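Worksheet for the structure shown next.
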Amino acid sequence: MAGRRAASIRALTLDLDDTLWPIWPAIERAEHELHGWLAQHASATAQRFDVAALRGLRETIAAENPHWGHDFTRMRHASLVRALTLSGDDPAHADGAFAVFFAARNRVELYADALPALQALAARWPIAAVTNGNADLQGIGLAAHFTTTVSAREFGIGKPDPRIFHEACRRLEAQPHEVLHIGDDWALDVVGAHGAGLHSAWVRREGDPTMPAGAAQASCVVRDLNELVAWLDD
Ligand SMILES: [Mg+2]
């Protein structure tokens with residue numbers, strides 16, 4: 001049954017990383033699989049750069065190229081080209097190395113509540129994924145639940161800028177005040193959605209659910225997505 005709160009909502013926008021799955025276990029596993037691949041195909045690079053050094057190089061590249069914004073794919077690929085070049089290996093291996101990283105990064109383990117909640121929500125509303133990351137919903141197997149994906153990488157502007165939220169609303173054919181944004185990050189998801197005129201649900205899986213002081217307020221704070229579905233039914 002759609003409740004009173006649900007009645008005023010016409011569409012949803014949904015963050016991905018750390019809202020539907022924990023991202024760091026996937027990134028750490030992906031970094032290790034990447035290193036294993038380099039050990040086989042570009043051993044000088046694997047010897048010169050351990051996992052931590054590759055991560056450091058990726059951060060250096062990001063710092064050197066602030067204009068790349070949220071294009072994590074480009075940063076990772078460029079850091080691999082540099083590591084291979086510095087080590088005397090063929091920089092063309094960056095393509096294969098990145099493919100291994102990206103496949104592992106998308107083998108995420110969903111939170112237990114994520115899939116049932118996503119199914120319940122998608123049955124009632126069109127949903128746009130709004131992400132600053134480079135998750136591949138097709139590869140993860142969740143694309144069918146989403147009307148569209150607005151990624152900072154493809155759109156060129158990331159959260160908390162209101163423009164990425166407005167782009168999602170446009171694709172959902174809804175006005176911002178008719179849309180509820182759901183996400184784990186206070187600054188990006190709640191303050192960002194508030195600034196764009198959307199409602200927001202803060203998914204606070206662990207820690208203090210007290211809302212930080214400031215102008216932005218979440219419409220609700222939930223510990224998981226089951227609570228969000230229940231809140232929408234209320
Ligand atoms: Mg997130």
Side-chain angles (χ1 to χ4, degrees), residues 11-31 58-59 62 69-73 75-76 102 104-115 117-118 121-122 127-143 145-169 172 179-196 198-212 214 216-229 231:
L12 305 176
T13 54
L14 182 62
D15 173 55
L16 299 177
D17 292 328
D18 288 332
T19 294
L20 295 181
W21 54 75
I23 187 58
W24 277 106
I27 295 282
E28 282 173 14
R29 194 181 59 246
E31 287 176 338
R58 145 87 176 63
E59 285 162 8
H70 296 278
D71 195 343
F72 299 128
T73 294
M75 290 173 205
R76 179 78 58 180
F102 194 61
R105 180 255 186 271
N106 283 301
R107 280 200 300 280
V108 294
E109 197 168 318
L110 301 186
Y111 290 117
D113 53 284
L115 189 56
L118 191 53
L121 297 173
I127 306 176
V130 178
T131 178
N132 285 3
N134 57 358
D136 172 17
L137 285 174
Q138 206 77 44
I140 293 169
L142 294 178
H145 301 294
F146 291 85
T147 302
T148 185
T149 296
V150 190
S151 76
R153 173 172 179 251
E154 281 154 352
F155 184 57
I157 296 163
K159 295 179 286 186
D161 192 296
R163 285 173 287 180
I164 190 168
F165 291 99
H166 291 162
E167 173 64 10
C169 293
L172 292 166
V179 177
L180 174 70
H181 178 70
I182 303 155
D184 70 289
D185 190 293
W186 177 262
L188 299 181
D189 293 308
V190 179
V191 178
H194 185 264
L198 285 72
H199 304 279
S200 62
W202 190 24
V203 184
R204 186 87 163 121
R205 292 183 180 274
E206 286 165 20
D208 182 0
T210 309
M211 289 193 239
Q217 290 284 297
S219 307
C220 69
V221 184
V222 294
R223 276 173 304 184
D224 60 35
L225 296 171
N226 289 331
E227 277 193 15
L228 176 72
V229 172
W231 180 82

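Here the structure is a predicted model, which means the values were calculated and not measured. Note that ligands are numbered from 1 as they come in the structure, with each ligand's atoms numbered from 1 the same way. We count residues from 1, following the sequence as given.
- A salt bridge (charged side-chain N to carboxylate O under 4.0 Å, His left out) with R205 is found for exactly one of D224, D18, D113, namely D113.
- For the Mg ion (ligand 1), the count of nearby protein N/O/S atoms, taking only those under 2.8 Å, is 3.
- Taking the ring centre of F155 as origin, the terminal cationic atom of R163 falls outside the region bounded by 6.0 Å and 45° from the ring axis.
- The side-chain hydrogen bond (donor to acceptor under 3.5 Å, both in side chains) check on R76 picks up nothing, with sequence neighbours excluded.
- Under the ring-ring contact (aromatic ring centres under 6.0 Å, His included) criterion, F102 pairs with F98, sequence neighbours left out.
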### Query
What do the steps show when you test T13 against L172 for side chain to side chain contact (heavy atoms under 4.5 Å, CB included), and what is the final call?
CA-CA 9 Å; T13 54; L172 292 166; 3.8 Å; yes

Using atom types as modelled, flag every donor-acceptor pair under 3.5 Å from a side chain in residues 22-30 to any protein atom, sequence neighbours excluded.
from	atom 1	to	atom 2	distance (Å)
R29	NH2	A104	O	3.2
R29	NH2	R107	O	2.4

